[in-house]
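This report concerns only the one structure given below.
Side chains included, hydrogens not; waters and symmetry mates left out as well; all remaining heavy atoms used. Chain A is the first sequence line, chain B the second, and so forth, proteins listed ahead of strands; every chain is numbered from 1.
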2 protein chains.
Amino acid sequence: MISFDTFRGTEGTPIYQQILLFIKRGAVAGTIRDGDELPSRRMLSALLGINPNTVQKAFRMLEDEGLITSQPGAGSNMTLTPQKLDALKEELLKDDIRSITSALRQMGIDREEALRLIEENWQESEEEPAGSGEGEEHE
Amino acid sequence: MISFDTFRGTEGTPIYQQILLFIKRGAVAGTIRDGDELPSRRMLSALLGINPNTVQKAFRMLEDEGLITSQPGAGSNMTLTPQKLDALKEELLKDDIRSITSALRQMGIDREEALRLIEENWQESEEEPAGSGEGEEHE
DNA sequence: TTTACTGTATTATATGACTAATACGGTCGT
DNA sequence: ACGACCGTATTAGTCATATAATACAGTAAA
């Protein structure tokens with residue numbers, strides 16, 4: 001069963017998108033694997049303190065993308081193939097990397113300073129994990 | 001007069017926030033300076049193809065933050081001090097850097113790969129400037 | 001089989017973002 | 001003074017997000 005321990009709100013972005021991102025990133029990281037069972041919509045909505053319909057929307061979109069399979073009565077499970085994972089990783093990385101380079105460029109930050117800033121913050125967030133569920137959801 | 005040549009929509013984020021970011025980042029970059037005149041709300045809304053009220057909302061928030069000053073009849077001008085610029089730079093950098101490190105970490109990317117990805121994309125976006133107005137808005 | 005959970009669907013309401021259409025008064029150049 | 005532009009304000013409508021309250025059918029374990 002997938003754990004949502006490390007779920008953190010991404011500020012202003014819609015909740016259903018946060019759920020999408022959380023699961024997709026987990027899949028890319030390998031902490032969420034093919035066949036893994038997801039918490040039920042009602043369960044997850046209670047855990048996150050949000051409306052069941054919001055969870056339903058996210059799960060519906062995941063199913064439309066072919067990343068999960070749901071059956072009435074039974075629950076929902078991840079359906080991941082290496083191909084999907086590759087596509088997912090490229091999609092997510094492309095968006096994230098593009099946005100940060102665009103942002104730093106607009107602020108007149110040069111390549112060296114950009115790399116330095118990332119490296120600095122990497123260490124800080126290592127000391128203060130800001131959401132360390134240890135990633136031990138499996139077996 | 002500030003130029004909005006390089007203005008690009010940041011996908012799904014609200015337009016008024018995009019305007020805020022564009023101006024703030026320009027200020028941090030030094031392409032928008034103290035005393036600079038902004039285009040009128042009507043002019044800018046026409047240029048961007050959006051509603052005047054949306055521009056008004058952004059300008060209103062900029063004024064609430066003390067970054068611009070407006071007078072009925074006359075236009076609006078930037079009111080930047082070194083202190084404001086420092087605070088602005090730190091605020092923007094903190095948000096951007098934090099979001100990218102958080103995203104890459106959630107995907108299981110390590111420090112070396114993160115730096116490599118940024119560096120790669122930096123060069124690509126250098127060849128294909130993705131919004132190069134030459135930044136010659138001044139004097 | 002009954003009970004308790006699943007996924008799924010529907011209708012209603014509230015709020016924020018954005019658009020639209022106006023209106024009022026201040027400033028500036030002629 | 002006049003006209004063309006400024007900032008400012010108000011009211012209304014649309015759309016997406018999120019909540020709320022149900023309802024129905026399928027599955028699984030007791």
Side-chain angles (χ1 to χ4, degrees), chain A residues 1-4 7-24 32 34-80 95, chain B residues 1-4 7-24 32 35-80:
Chain A
M1 172 73 75
I2 293 179
S3 161
F4 274 74
F7 186 83
R8 283 284 189 297
T10 321
E11 305 103 54
T13 67
I15 303 178
Y16 76 92
Q17 282 186 18
Q18 295 180 33
I19 297 176
L20 287 180
L21 258 188
F22 179 83
I23 294 181
K24 287 182 175 180
I32 299 179
D34 182 64
D36 280 0
E37 186 184 357
L38 291 110
S40 79
R41 286 136 169 86
R42 288 175 178 84
M43 184 83 84
L44 184 54
S45 69
L47 281 174
L48 301 181
I50 61 178
N51 194 279
N53 297 340
T54 304
V55 179
Q56 163 66 7
K57 181 171 188 175
F59 278 31
R60 169 72 171 163
M61 296 180 76
L62 285 172
E63 192 155 22
D64 287 345
E65 293 188 53
L67 300 178
I68 71 173
T69 302
S70 306
Q71 269 131 358
S76 303
N77 297 82
M78 302 299 299
T79 53
L80 298 172
D95 289 351
Chain B
M1 172 73 76
I2 292 178
S3 161
F4 275 74
F7 187 83
R8 282 284 188 297
T10 322
E11 306 104 57
T13 67
I15 303 178
Y16 75 92
Q17 283 185 18
Q18 294 179 33
I19 297 175
L20 287 180
L21 260 187
F22 179 83
I23 293 181
K24 286 182 176 180
I32 299 179
D36 280 359
E37 186 184 356
L38 291 112
S40 79
R41 286 136 170 88
R42 287 175 179 84
M43 183 82 84
L44 183 54
S45 68
L47 282 174
L48 301 181
I50 61 179
N51 194 280
N53 296 341
T54 304
V55 179
Q56 163 66 8
K57 182 171 188 176
F59 278 31
R60 169 73 170 161
M61 294 179 78
L62 285 172
E63 191 155 24
D64 287 345
E65 293 187 53
L67 300 178
I68 71 174
T69 303
S70 307
Q71 270 129 357
S76 303
N77 298 81
M78 302 298 300
T79 53
L80 299 171

Search all heavy atoms of [X] against all heavy atoms of [Y] and return the closest pair with its distance.
| X | Y | value |
| --- | --- | --- |
| A:I15 | A:I50 | CG2-CD1, 3.6 Å |
| B:L38 | B:M78 | CD1-SD, 3.7 Å |
| B:G35 | B:N77 | O-ND2, 3.2 Å |

In whole angstrom, what separates [X]'s [atom1] from [N]'s [atom2]?
| X | N | atom1 | atom2 | value |
| --- | --- | --- | --- | --- |
| B:M61 | C:dG16 | CE | P | 13 Å |
| B:L20 | C:dA17 | CG | P | 11 Å |
| A:M1 | C:dT6 | CE | C1' | 11 Å |

Is any side-chain heavy atom of [Y] closer than 4.5 Å to one of [X]?
| X | Y | value |
| --- | --- | --- |
| B:I19 | B:L48 | yes |
| A:F4 | A:I23 | yes |
| A:L21 | A:Q17 | no |
| A:F7 | A:Q18 | yes |
| A:S70 | A:R41 | yes |

Please lay out, stage by stage, how B:L44 and B:F59 fare under the test side-chain contact (heavy atoms from CB on, under 4.5 Å). CA-CA 11 Å; B:L44 183 54; B:F59 278 31; 3.8 Å; yes

Pull out every residue in residues 49-57 of chain B that has a heavy atom closer than 4.0 Å to any atom of DNA chain C, ordered by number, or say none. B:I50, B:N51, B:N53, B:T54, B:K57

By nearest heavy atom, map A:S76 and B:G73 onto DNA chain C; which one lands nearer the 5' end? A:S76

Assign each of B:P72 and A:P39 to its nearest nucleotide of DNA chain C by heavy atoms, then name whichever residue's nucleotide is nearer the 5' end. A:P39

Assign each of A:Q17 and A:Q71 to its nearest nucleotide of DNA chain D by heavy atoms, then name whichever residue's nucleotide is nearer the 5' end. A:Q17

Heavy atoms only, 4.0 Å cut-off, all strands: where does [X] land among base, sugar-phosphate and nothing?
| X | value |
| --- | --- |
| B:Y16 | sugar-phosphate |
| A:E37 | nothing |
| B:E63 | sugar-phosphate |

Taking any atom closer than 4.0 angstrom to a non-hydrogen atom of chain A, what span of DNA chain D does the protein reach, first nucleotide to last? D:dT17 to D:dT27

Kindly point out which of C:dC24, C:dT6, C:dT19 is positioned nearest to the side chain of B:I15?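 Per side-chain heavy atoms of B:I15, the pick is C:dT19.
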
Should A:R60 be listed as having a side-chain N or O under 4.0 Å from OP1 or OP2 of C:dT8?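 No, outside the criterion.
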
